[in-house]
Amino acid sequence: MNNQVYANWSGHHVKLTWLPQKKIDNYSKVTSVHGVCFFKGNVLLVHVSGRGFNLPGGHIEKGETPEDALHREAFEEGYVKGPINYIGAIEVSHEENPLFNADGKYPLIGYQMFYRMDIQKCLPFLREHETISRIWVEPEEVSYVINDHEISQLIIQEALRSKLSCPKD
């Protein structure tokens with residue numbers, strides 16, 4: 001499976017490259033964080049209103065680290081908590097995007113950071129935020145449920161290989 005694909009995001013032609021374990025030091029270039037959250041061997045997918053099923057995640061808020069943001073997003077979207085471990089990033093390049101706006105909210109080259117979470121607390125799903133449901137999917141079935149690029153399967157594979165090495169929260 002190729003670690004690089006092109007995607008059409010709302011008319012924007014972007015190049016996506018999966019970089020397992022890529023160290024990201026400049027958080028100003030991080031556009032979002034996402035989690036492959038495991039519970040009893042299955043992966044959590046959340047249905048965000050208007051976007052369908054995907055991994056929990058979102059933007060980093062002012063004053064947050066990427067790890068803080070992932071914990072917040074996993075709770076807000078999936079009502080889950082657990083320790084996390086960084087597994088890699090997707091480099092999002094707009095270098096070949098004729099619609100790229102240098103004054104827009106996204107950098108020419110940005111990153112989406114991905115983590116593995118081993119869920120220790122699965123709380124009742126309350127629909128208080130932007131998600132309307134959550135489901136648990138066998139890892140090998142994720143690509144049949146989410147409507148995303150094929151790099152998502154590489155991310156799932158990396159999460160399965162990853163050993164959780166961080167302390168409990």
Side-chain angles (χ1 to χ4, degrees), residues 1-38 42-61 64-67 69-74 76-78 80 84-117 129-162:
M1 189 176 298
N2 194 354
N3 76 324
Q4 189 173 83
V5 298
Y6 286 87
N8 180 340
W9 287 352
S10 302
H12 291 264
H13 182 71
V14 295
K15 180 171 66 173
L16 308 175
T17 307
W18 172 240
L19 304 168
Q21 301 303 321
K22 165 79 172 168
K23 186 169 174 56
I24 308 293
D25 293 320
N26 184 353
Y27 294 156
S28 71
K29 301 243 183 223
V30 176
T31 59
S32 61
V33 297
H34 306 273
V36 182
C37 304
F38 290 95
N42 291 321
V43 175
L44 168 66
L45 295 180
V46 294
H47 185 187
V48 177
S49 185
R51 291 192 305 222
F53 283 101
N54 216 317
L55 298 169
H59 298 286
I60 299 172
E61 293 182 357
E64 284 183 322
T65 65
E67 292 80 12
L70 190 271
H71 282 292
R72 177 184 50 76
E73 290 286 351
E76 287 178 0
E77 294 183 356
V80 296
I84 62 173
N85 188 38
Y86 178 70
I87 60 171
I90 292 177
E91 179 184 272
V92 180
S93 171
H94 290 271
E95 292 171 305
E96 300 173 47
N97 177 6
L99 300 178
F100 177 72
N101 177 359
D103 296 323
K105 68 179 187 174
Y106 295 111
L108 182 64
I109 296 177
Y111 297 93
Q112 297 177 337
M113 296 177 72
F114 287 81
Y115 295 82
R116 174 190 172 124
M117 175 186 277
H129 302 282
E130 62 189 339
T131 53
I132 55 178
S133 64
R134 70 177 176 195
I135 60 173
W136 309 97
V137 179
E138 296 170 7
E140 60 276 4
E141 298 297 317
V142 169
S143 63
Y144 297 103
V145 179
I146 63 175
N147 183 19
D148 210 351
H149 46 76
E150 50 270 28
I151 288 179
S152 60
Q153 195 55 41
L154 294 175
I155 295 165
I156 299 295
Q157 291 170 4
E158 186 67 27
L160 287 167
R161 282 192 294 273
S162 174

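All heavy atoms count here, side chains included; hydrogens, waters and symmetry mates do not.
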*Any I155 side-chain heavy atom under 4.5 Å of I90 side chain*: yes
*Counting N and O atoms only, with roles assigned by atom type, does the side chain of R116 sit under 3.5 Å from a partner on the main chain of A159, one being a donor and the other an acceptor?*
yes
*Between L70 and G35, which heavy-atom pair has the shortest distance, and what is it?*
CD2-N, 3.4 Å
*asked:* Do V48 and N54 have side chains that approach each other closer than 4.5 Å (heavy atoms only, starting at C-beta)?
replied: no
*asked:* Quick check for you: to the nearest 0.5 Å, what is the distance between L16 atom CG and N2 atom CG?
replied: 11.0 Å
*Do the side chains of E158 and Q21 get nearer than 4.5 Å, heavy atoms only?*
yes
*Any chance you could measure Y6, atom OH, to H13, atom NE2, to the nearest 0.5 Å?*
5.5 Å
_Value rounded to 0.5 Å, distance of CD in Q4 from OG in S93_ = 8.5 Å
_Rounded to the nearest 0.5 Å, what separates atom CD1 in I135 from atom CZ in F53?_
4.0 Å
*Measure the OG1-CD distance between T131 and E73 for me, rounded to the nearest 0.5 Å.*
10.0 Å
*What pairs with E95 under salt bridge (Lys or Arg N to Asp or Glu O under 4.0 Å), at least two apart in sequence or on another chain?*
none
*Those residues that, when tested against L19, pass side chain to side chain contact (heavy atoms under 4.5 Å, CB included) (two or more places apart)*: T17, K22, E91, Y111
*asked:* Parallel, tilted or perpendicular: which one describes the rings of H94 and H12, with boundaries at 30° and 60°?
replied: perpendicular
*Is there a side chain to side chain contact (heavy atoms under 4.5 Å, CB included) between V5 and W18 once you walk through the steps?*
CA-CA 9 Å; V5 298; W18 172 240; over 6 Å; no
_Heavy-atom side-chain proximity of N42 to V137 below 4.5 angstrom_ = no
_4.5 Å side-chain heavy-atom contact, R134 and L44_ = yes
*May I have the step-by-step check of side chain to side chain contact (heavy atoms under 4.5 Å, CB included) for V43 and L55, ending in yes or no?*
CA-CA 8 Å; V43 175; L55 298 169; 4.0 Å; yes
_E67 and its side-chain contact (heavy atoms from CB on, under 4.5 Å) partner, picked from V33, I84, N85_ = I84
*asked:* I want to check something: taking the side chain as every heavy atom from C-beta on, are F114 and I151 in contact at a cut-off of under 4.5 Å?
replied: no
*Is there a side chain to side chain contact (heavy atoms under 4.5 Å, CB included) between V92 and W9 once you walk through the steps?*
CA-CA 11 Å; V92 180; W9 287 352; 3.8 Å; yes
*V14 versus F100: any side-chain heavy-atom pair under 4.5 Å?*
no
*Which atom pair, heavy atoms only, marks the closest approach of A74 to M117?*
CB-CE, 3.8 Å
_Can a donor-acceptor pair be found, under 3.5 Å and without considering hydrogens, that links the side chain of E64 to the backbone of E61?_
yes
_Ignoring hydrogens, what is the shortest heavy-atom contact between P107 and K29? Give both atom names and the distance._
CG-O, 4.2 Å
*asked:* Please verify the inter-ring angle class for Y86 with Y115; under 30° counts as parallel, over 60° as perpendicular, anything in between as tilted.
replied: perpendicular
*Using salt bridge (Lys or Arg N to Asp or Glu O under 4.0 Å) as the criterion, list what pairs up with R51, not counting sequence neighbours.*
none
*So, the side chain of E130 versus the backbone of S49: is there a donor-acceptor pair under 3.5 Å, distance only?*
no
*With rounding to the nearest 0.5 Å, note down the distance linking CD in Q112 to NE2 in H59.*
9.0 Å
